[in-house]
Structure formats: structure tokens, C-alpha cells
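Data first, discussion second: the structure below is written as C-alpha cells.
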Amino acid sequence: LRDPGYGLREYFDDCAAAFPELELFYVCHGATSSGRTGHVEYQRTLGALFSVYWFLRLDTDGREGLSFGYDDEWSVRSSPAGMDPEKKQSFFRQMDWASLRDVTELALGGCVERIEAMLCLTAFHDIMKVSMLLPHVSAEHAPYHDHQAGDSIFDHDLALAYVLENYPHLIPSFMVLPEKLRNVVLFTQTKMSFNHGWFVQAEGTPGAMLSPLKQVLRMASGADLAFYFVHWLSDIAGAEGTPLAGAEKFTRKFPHGVLRSFLWSMSYLQRLTEQSETEVVEGYLEARFKAALPGRPLPEGDGAVATLRLAVMAQQFAALAVDAFEDAPSAVQCVLSVEMALTGIRGQSFGRSPASGGPAFLVYYGPALLQRCATRAEMRKVLTALASVYDSGRRLWPRRQDRGHETVTIEVAQLRAMSIDAAVDGSGAKIPRVWVLARENDREAKLALLSALEVNRMLWEGTAFVCVDLGFGGDPAPCDAELESNCVK
């Protein structure tokens with residue numbers, strides 16, 4: 001694969017000959033479960049296989065192959081062609097090639113068996129999108145992930161895992177692997193409940209973001225986690241179904257800065273095998289802060305973690321977020337300092353800003369609120385609104401010591417969809433409305449802008465809710481007496 005004389009056309013011919021599972025995409029005579037035809041899913045799988053080839057050749061022609069693709073003669077292009085040439089050139093120049101090389105090396109390490117396992121997995125990982133191949137759970141295996149005997153498994157990843165675990169002989173490219181590599185492949189199919197975006201943007205708590213992943217890693221290694229990431233990256237790279245055009249999902253559709261952040265974060269996630277979830281998050285936040293604001297010292301004191309998280313959440317507007325937080329009213333600082341420092345893991349706290357109790361809150365779409373602020377005035381309004389949301393959540397879920405292991409998700413999608421001025425001032429509204437945070441269940445709440453009739457309906461139905469003043473005109477929700485010493489005065 002790394003031989004300069006081994007071209008992409010020869011690699012394609014070898015893949016077609018080596019992996020019989022590729023033919024399964026053509027037993028489908030209609031749309032697959034993804035809504036695409038079997039032919040398109042085949043092309044997407046080829047794109048993923050080609051990406052593995054390019055990942056392993058970053059020191060020769062892999063960068064150009066990923067960025068620019070190939071001509072009609074299967075020769076790698078040295079400059080962009082086709083649609084969006086400026087984006088492709090920008091990707092080639094700005095991509096963090098060193099991080100991509102490092103994670104590939106950690107995942108595969110030049111080990112022939114691990115490379116074979118990656119190629120085999122890439123060849124068959126999407127075959128269960130062909131609906132006629134979906135398995136029914138056998139009585140001897142029931143229940144299987146909440147599926148009872150006779151149930152069809154419609155989740156294509158879970159369906160593949162079921163077959164690999166119970167009928168491995170049906171997937172020849174899986175059966176030829178040594179047992180230790182079959183276990184690595186099965187690890188990639190595990191439901192990790194890991195949202196990489198939450199981690200990269202400091203959106204969630206350590207408990208919500210990393211505890212499920214750490215649990216899974218007890219049976220795997222850091223190299224196995226890197227294997228999962230390389231598989232994930234190759235899958236996305238080929239997702240446009242245009243394999244000869246390069247990794248067009250990355251070059252034309254995926255924000256290049258976000259991709260760099262994802263790659264940059266992977267080395268910190270490797271530390272989960274040795275460090276606690278909170279230690280990993282704190283180390284990541286500190287490194288991102290230094291990279292974003294190299295002239296500033298790391299924050300100290302009660303608001304340190306809030307400052308770190310706000311800087312990472314705001315991305316290119318990190319300086320605005322930090323300045324706005326430092327200038328915010330004391331009540332806003334108090335709420336953000338405490339709420340953003342809760343970990344969602346009993347017995348763990350941040351070293352810079354210790355706080356305890358729970359439940360902690362994950363404000364879903366919180367980073368998006370900060371990433372659209374171009375002025376300090378807008379950022380200050382957003383931080384005030386964010387404090388109001390946290391405080392309203394605390395009125396629905398009072399902070400208690402025995403709930404330190406819990407995280408509640410607060411969804412603010414409607415707030416994200418509006419300008420902050422319109423959201424706070426109600427400008428342009430035809431009907432008077434009020435922001436309401438409603439409790440959906442024990443683990444979720446949703447912020448919505450409702451009319452008086454809609455509020456009354458919630459009263460009649462007995463829904464737990466609070467009205468939210470995004471201008472944060474009141475006092476913060478009180479802490480339990482047991483936790484009073486942890487409040488920022």
C-alpha cells in the first residue's frame with residue numbers, strides 16, 4: 001500500500017477481487033435503508049477504501065489524492081479540478097496532515113494484520129443498509145439490545161454487529177481475521193454513545209461526553225480507539241460517493257476548521273485509558289485556550305472552568321467570549337461559574353474550579369449561540385441568556401449532592417434559530433410570547449417561545465415548566481444548604 005509504484009487502479013482491482021461482500025450492494029433492486037441506491041452505497045464504500053489507501057500514503061501522493069482526486073487515466077492530480085477548486089486548494093494547504101498521520105500510525109502502526117482488519121471492516125461495514133440482508137433475532141440470542149426473538153434489527157450498525165457476533169461465517173472477510181483483530185472490529189461496532197462534537201466544542205459535561213466511552217475502553221486500548229477514529233474518518237471522507245474525485249465530503253462540504261479540531265482532540269481522548277474523564281476534559285480545555293488566546297494566562301479562581309469552556313465554545317470569537325464574561329454582571333458570572341464547572345460524575349471535580357452536586361446541565365446548541373456573535377454587546381447578551389437558561393434549569397432540578405452523577409440535557413434549538421436581539425427584546429413578534437423551559441422527562445428539558453394559550457395548555461396538562469427572562473432580571477436559584485459553601489459569592 002505504501003509502495004510508490006502501487007497505483008490506485010491496481011488497488012481498486014485488488015479490493016474488488018479480495019472482498020466478496022462488495023457484491024452485496026447489487027442484490028438490492030431499489031433504495032437501501034439510507035434512501036440511496038445500492039450502486040451509490042457501493043461508490044461510497046469505494047470512497048472509504050480509497051481514503052484508507054490515501055491515509056497510508058500521506059508522505060507520497062496521499063495528500064494530493066485526498067484533496068484533488070484522479071484524472072480519467074487514474075493518475076493523481078497535482079492541482080484542483082471540477083467543482084469548488086478554491087475549497088479543495090484551501091483544504092490541501094490548511095489540513096492538519098501531521099495529526100492525520102499520527103492517528104493513522106497509532107491505529108495501524110505499520111502492522112499488516114491491523115491494516116488488513118481496517119480494509120476488511122471498510123469493505124463490509126455498510127452492507128446492512130441493503131434491507132433484504134437485515135437479520136431477525138434468533139430465540140437463542142434474545143433479547144439483543146432491546147430486540148426480542150423474531151424482531152428485525154433495522155439499525156444497520158447494530159444489525160452488522162449481531163451477524164458478526166453470532167453468524168461470523170456469513171462475512172468471509174471477517175472470518176479470515178485473527179481473533180484479536182475480530183475483537184477490534186467488533187469494538188468499532190459498539191454503541192459508544194460518544195458525540196465527538198460535544199467534546200470538541202466543550203458543549204457537554206465530562207460525565208455525558210466521556211463516561212460511556214471510558215466504560216467501553218476498559219475492554220480496549222488507545223490504539224483500538226484510534227482504529228475506530230480512522231474508520232470513522234474514512235467513512236466520512238468517502239461519503240459523497242465520488243471516489244475518483246478525492247475526499248469531497250472533507251474538501252467541499254465539511255468545515256475545515258472543525259475537521260482540524262476533531263483531529264487535534266483525538267490525542268486527548270487517548271488519555272482516557274489512564275486519566276479520569278474530568279482530567280481529560282480539563283487538559284483539553286487548557287490546551288485549546290492556549291492555542292486560541294496565546295497572549296493570555298490561563299484563568300484562575302471560581303470562574304476558571306467557565307472561562308475555558310466559553311473560549312472553546314466560541315471558537316473564532318474566543319476573545320470576545322472571555323472579555324464579555326469578565327465584564328458580565330456578578331449574578332451572570334456566579335451562575336455560569338458554578339453550572340459550567342459541574343462534571344456530572346460523583347466524586348470528580350475540575351482542579352481549577354471545584355464544584356459538586358447535580359444534576360449538571362448540557363445546553364444542547366449552546367456553542368452555536370456564541371459562534372454567531374460578532375460584537376461584545378451581542379456576546380454579553382448571549383452569556384446573559386445562557387445564564388438565564390442554566391438558572392431556569394436549576395429551578396426545575398434543584399442542585400443536590402446525591403445527584404452529582406447525573407446530567408440533564410437542555411435543548412435551545414429555537415433560541416439558536418433567532419437573533420439574540422429578537423430573542424431577548426421580542427422585536428418583530430406579531431403575537432406576545434414568552435420563553436418557557438419545560439421539563440420533558442427526568443433527563444431532558446426544552447426551551448421554547450410560547451403564546452399564552454400554549455402556556456395555559458401546559459398548566460392544564462400538569463407539565464413542569466418555568467418562564468425564562470433571557471435578560472436575567474432575578475436572583476440566581478438558591479443552592480441546598482449542604483452545597484452553599486460551593487456557591488460563588
Side-chain angles (χ1 to χ4, degrees), residues 197-198 200-204 255 257-258 292-293 303 305-340 361-396 408-438 444-452 454-455 465-477:
W198 285 356
V200 168
Q201 299 184 103
E203 188 167 2
V258 173
L293 302 170
V305 171
T307 303
L308 293 172
R309 285 188 62 186
L310 291 170
V312 175
M313 290 166 67
Q315 294 187 0
Q316 71 269 32
F317 299 119
L320 275 180
V322 173
D323 290 342
F325 178 71
E326 292 175 349
D327 293 342
S330 60
V332 171
Q333 289 186 0
C334 171
V335 169
L336 294 179
S337 295
V338 173
E339 299 296 351
M340 299 186 80
F361 294 124
L362 187 159
V363 180
Y364 202 7
Y365 300 120
L369 302 178
L370 278 67
Q371 291 164 17
R372 62 185 184 180
C373 296
T375 67
R376 184 178 294 192
E378 288 180 334
M379 187 65 75
R380 183 166 177 168
K381 282 188 176 182
V382 165
L383 296 191
T384 300
L386 189 60
S388 300
V389 171
Y390 273 119
D391 183 65
S392 299
R394 189 55 64 205
R395 295 175 191 277
L396 291 173
V408 168
T409 299
I410 299 176
E411 190 231 277
V412 296
Q414 191 173 1
L415 178 58
R416 179 192 63 164
M418 301 176 64
S419 74
I420 190 61
D421 289 332
V424 173
D425 304 330
S427 55
K430 296 180 180 179
I431 302 174
R433 296 178 183 271
V434 62
W435 286 103
V436 170
L437 184 66
E444 296 174 301
K446 184 175 183 179
L447 183 71
L449 190 59
L450 303 179
S451 67
E454 291 169 318
V455 173
F465 71 90
V466 290
C467 295
V468 183
D469 175 10
L470 294 180
F472 199 32
D475 295 324

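We number each residue from 1, following the sequence as shown. Quick caveat, the model's predicted, so the values are computed rather than measured.
Nearest heavy-atom pair, Arg395 versus Val466, reported as atom, atom and distance to 0.1 Å: CB-CG1, 4.2 Å. Taking every heavy atom of both residues into account, Ala314 and Ala321 meet most closely at CB-CB, 3.7 Å. The heavy-atom pair separating Arg380 from Pro329 by the smallest distance is NH2-CD, 3.6 Å. Nearest heavy atoms, Val335 versus Ala387: CG1-O, 3.5 Å. When every heavy atom of Gly393 is checked against every heavy atom of Leu437, the shortest pair comes out as N-CD2, 3.5 Å. In terms of heavy atoms, Ala324 sits closest to Met379 at CB-CG, 3.6 Å.
Formation of a donor-acceptor pair under 3.5 Å by the Trp435 side chain with backbone atoms of Val389 is not found in this model. Judged by distance alone, the side chain of Glu378 and the main-chain N or O of Ala374 form a donor-acceptor pair under 3.5 Å. Distance alone, capped at 3.5 Å, places no donor-acceptor pair between the Glu203 side chain and the Pro367 backbone. Judged by distance alone, with hydrogens and angles left aside, the side-chain atoms of Thr307 form no donor-acceptor pair with the main-chain N or O of Val322 at under 3.5 Å. Of the possible polar contacts, none joining the Gln371 side chain to the Phe317 backbone as a donor-acceptor pair under 3.5 Å is found.
Distance check: Leu362 CG to Trp198 CH2 gives 5.0 Å after rounding to the nearest 0.5 Å. The CG atom of Leu415 sits 5.5 Å away from atom CD1 of Ile420, with the distance rounded to the nearest 0.5 Å. Here Leu450 contributes atom CG and Gln414 contributes atom CD; the two are 7.5 Å apart, rounded to the nearest 0.5 Å. Leu369 contributes atom CG, which lies 8.5 Å from atom CZ of Arg416 (distance to the nearest 0.5 angstrom). Note that the CD1 atom of Ile410 and the OG atom of Ser392 stand 8.0 Å from one another [nearest 0.5 Å].
No side-chain N or O of Gln333 forms a donor-acceptor pair with one of Ser330 less than 3.5 Å apart.
Using a 30° and 60° split on the angle between ring planes, Phe361 and Tyr390 fall in the tilted class, from 30° to 60°.
For residues 319-328, every residue pair satisfying the side chain to side chain donor-acceptor pair (under 3.5 Å) rule, not counting sequence neighbours, is listed here: Arg296-Asp323, Asp323-Arg376, Asp327-Arg376. Counting only residues at least two apart or in different chains, salt bridge (Lys or Arg N to Asp or Glu O under 4.0 Å) contacts with residues 313-322 are absent.
For the side-chain contact (heavy atoms from CB on, under 4.5 Å) with Leu310, the qualifying choice from Val382, Leu386, Val305, Leu320 is Leu386, the only one to do so.
Proximity of Leu449 to Met418: side-chain heavy atoms (C-beta onward) are separated by under 4.5 Å at one or more points.
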